[in-house]
Every structure is written in structure tokens, then in C-alpha cells.
Student: 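The structure under discussion is supplied below as C-alpha cells; questions concerning it will follow.
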Amino acid sequence: MFIDIQNMSFAYSNSSTNAIENFTLTVNKGEIISILGRSGSGKSTILRLIAGLEMPKGGSFTLGDKKVFDDYTFVQPEKRGIGMVFQDYALFPHMSVTDNVLFGLPKMSRNDKLKRVKEVLELVELDGYEKRYPHQLSGGQQQRVALARAIAPQPELILLDEPFSNLDTDLLVKIREDLRRILKKANATAIFVTHNQNDAHALADRIVKIKDGLIDQVGRPCDLLGSP
Ligand code: ADP
Ligand code: ADP
């Protein structure tokens, strides 16, 4: 088991009820998981807990061979080896595509860095776009740069927050397919949250349905019935 999260609970400090109750999930290496639920169901909170941006009340979380959280352990976000792709892609507007991807890379020689940037830009089919700035790219291309930046340091896990929310419907189908192909080719383990059942079904190997901070259903897309 690559990811093992057991009974993770969480309450916001100004609230008497738990926003997340006993969240339990195991994930294999290379698997793509969708967390599906209505607005306010707790999706972002779960991502923030996994990323280490919030401290759980209890439970445990192991990532690869690393204990990330339990009663005695809290690994800081930057030490977790987790890549994030935000809703708005959060590219640096004043940096070229190359510099945006370079930014996330750990300490290595300039040459090795540039080699890695070339590799990931080929993977997302953006070779030739190195010198462009984010405003000179389409929405789909910006998303692929954000993905390239998240993948470049070879993180153990990639988290994606509503990755399709800013895309036109005519682009959506192609971009969903691209995203799945890129993640699979990189053998990346990914968790993405969405309120959109179609997106979850198109991209995920397994879907975790969330309702009011609780897991409602877990299964392969073909095994799940009903709307979120
Ligand atoms: P989703 O991402 O599914 O829309 P969230 O994880 O953002 O849901 O929210 C889950 C619950 O936690 C909601 O009831 C929301 O109102 C509450 N919540 C979210 N952020 C905060 C916060 N900073 N302080 C207090 N309550 C919050
Ligand atoms: P995609 O299918 O990836 O979203 P589009 O059909 O939106 O691509 O864009 C087609 C082409 O137009 C792309 O090569 C893109 O780089 C270019 N393009 C889109 N927006 C701009 C812009 N604001 N400035 C320069 N080129 C752009």
C-alpha cells in the first residue's frame, strides 16, 4: 500500500463539529483517485490535510515508507514530497514556461534542471513553448504547464484541486484525456477533488464520494451509482 490514511478527523477552530470525520483511504502506487462531493462537503479540507496545510485532530497517514502524521508525528508540507496543482494553476505571470517549471526543482546542477524541464515539457507536449509567458498560452496549455511544474520534481503524490473548473466545455474532454494520459505515463499517484461526476468518472481509477465530511461510497467508476 503506497498511501495509507486511517481515521483522519479534523475540526476548524471556530467550529464545534468535525469538518472531516474518520477519513480512511488506501491508495496503490500509480493510482488516480477522485474525491467527489458537493460544495461544502469537505473536499478542499481533505486535500489540505493531506498536503499538511492543516493539522488533523487524530488519525494516521503514511506516504510511501514515510510516516507523515500520527499522534507523535507531523511532517511539514514542504517535506512531504507532494506536488500541488491549484484551481487557477497559479503560474508566475512574470516568468517564462521554462522558469515556471524550473522553480519547483530541488537542488541539482543547472544542466540537470534544464534536462528535466525539457523532459516534462515533452511529456505534456509543450516543447517549443519554453519562452512563452502564461498570458500567451491557452487555458489548456496553462494547465499543462502547471502539471509539468508539479511533476518535474518527481513527487510521491500529486494533488489537484478542481483542475477543470476554468476550462471551456469544448476543451474539457480533450484536456481530461490528456491529463489522464500524462499522469499514467509518469506513473504518478494522484488525488484530485471535484464536484463534477463526469470529471471524476473520466479521470479516476477509483472514486471516493464525500457527504458532510464523511465517506459515503468508494469504488471504481463503473461500480458507483447515483449522483454526488
Ligand atoms: P468543499 O471543498 O467540498 O467545498 P470545504 O472543505 O471547503 O468543502 O468545507 C467543508 C466544511 O468546512 C464546510 O462546512 C465549510 O463551511 C467549512 N469550512 C471550510 N473552511 C473553513 C474555515 N476556514 N473555517 C471554518 N469552517 C470552514
Ligand atoms: P488549447 O486547445 O490548448 O486550449 P487553443 O485552441 O486555445 O489551445 O489555442 C490555440 C493556439 O493559440 C495555441 O497554440 C495557443 O498557444 C495560441 N494562443 C492562445 N491564446 C493565446 C494568446 N493570448 N497569445 C498568444 N497565443 C495564444
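Numbers here are sequence positions counted from 1. Whatever order the structure lists ligands and atoms in, that order sets their numbers, starting from 1.
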Student: For atom 26 (N) of ligand 1, what is the closest protein heavy atom, and at what distance to 0.1 Å?
Tutor: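 For atom 26 (N) of ligand 1, the nearest protein heavy atom is Tyr12 CD1, 3.4 Å.
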
Student: Measuring from the heavy atoms of Ser39, does anything fall under 4.0 Å of ligand 1?
Tutor: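 In this structure, Ser39 qualifies as a contact of ligand 1 - some heavy atom is under 4.0 Å.
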
Student: Indicate, as side chain, backbone, both or neither, the part of Asn14 found under 4.0 angstrom from ligand 1 when only non-hydrogen atoms are considered.
Tutor: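 The side chain, only.
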
Student: Rounded to the nearest 0.5 Å, what separates atom CG in Leu224 from atom CZ in Arg206?
Tutor: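 Here the interatomic distance stands at 10.5 Å.
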
Student: Is it true that the NZ or CZ of Arg149 lies under 6.0 Å from the centre of Phe92's six-membered ring and within 45 degrees of the ring axis?
Tutor: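 Pair Arg149/Phe92 counts as cation-pi.
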
Student: In the protein, which heavy atom is nearest to atom 8 (O) of ligand 1, and how far is it?
Tutor: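 Looking at atom 8 (O) of ligand 1, the protein heavy atom closest to it is Gly42 N, 3.1 Å.
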
Student: Can you tell me how far CG of Leu49 sits from CZ of Phe61, rounded to the nearest 0.5 angstrom?
Tutor: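 It is 9.5 Å, given to the nearest 0.5 Å.
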
Student: Salt-bridge test for Glu177 and Arg181: reply yes if a basic N is under 4.0 Å from a carboxylate O, no otherwise.
Tutor: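 Between Arg181 and Glu177 there is no salt bridge, as every charged N stays at least 4.0 Å from the carboxylate O atoms.
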
Student: Of all the non-hydrogen atoms in the protein, which one sits nearest to atom 2 (O) of ligand 1, and at what distance?
Tutor: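 Answer for atom 2 (O) of ligand 1: Ser44 OG, 2.6 Å.
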
Student: Could you tell me the residue and atom name of the protein heavy atom closest to atom 11 (C) of ligand 1, and the distance to it rounded to 0.1 Å?
Tutor: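 Its nearest protein heavy-atom neighbour is Gly40 O, 3.8 Å.
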
Student: Quick check: is Val124 connected to Val97 through a chain of hydrophobic side chains (ILVMFWY, heavy atoms under 4.5 Å apart)?
Tutor: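 Hydrophobic grouping puts Val97 with Val124.
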
Student: Below 4.0 angstrom, counting only protein heavy atoms, does anything approach atom 15 (C) of ligand 1?
Tutor: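 It does not: no protein heavy atom is found less than 4.0 Å away from atom 15 (C) of ligand 1.
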
Student: Which bit of Arg38 is near ligand 1, meaning a heavy atom under 4.0 Å away: side chain, backbone, both or neither?
Tutor: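 The answer is the backbone.
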
Student: Please tell me whether Tyr12 and Phe10 form a close aromatic pair, meaning their ring centres lie under 6.0 Å apart.
Tutor: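 Aromatic pair counts; centres sit under 6.0 Å.
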
Student: As an exercise, identify every atom of ligand 1 less than 4.0 angstrom from a heavy atom of Lys43.
Tutor: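 Heavy-atom distances to Lys43 below 4.0 Å select 1 (P), 2 (O), 3 (O), 4 (O), 6 (O), 8 (O).
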
Student: May I ask you to list the atoms of ligand 1 that are less than 4.0 angstrom from any heavy atom of Thr45?
Tutor: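 It comes down to these atoms of ligand 1: 5 (P), 6 (O), 9 (O), 10 (C).
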
Student: Measuring from Asn22:CG to Lys57:NZ, what's the distance to the nearest 0.5 Å?
Tutor: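 Here the interatomic distance stands at 10.0 Å.
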
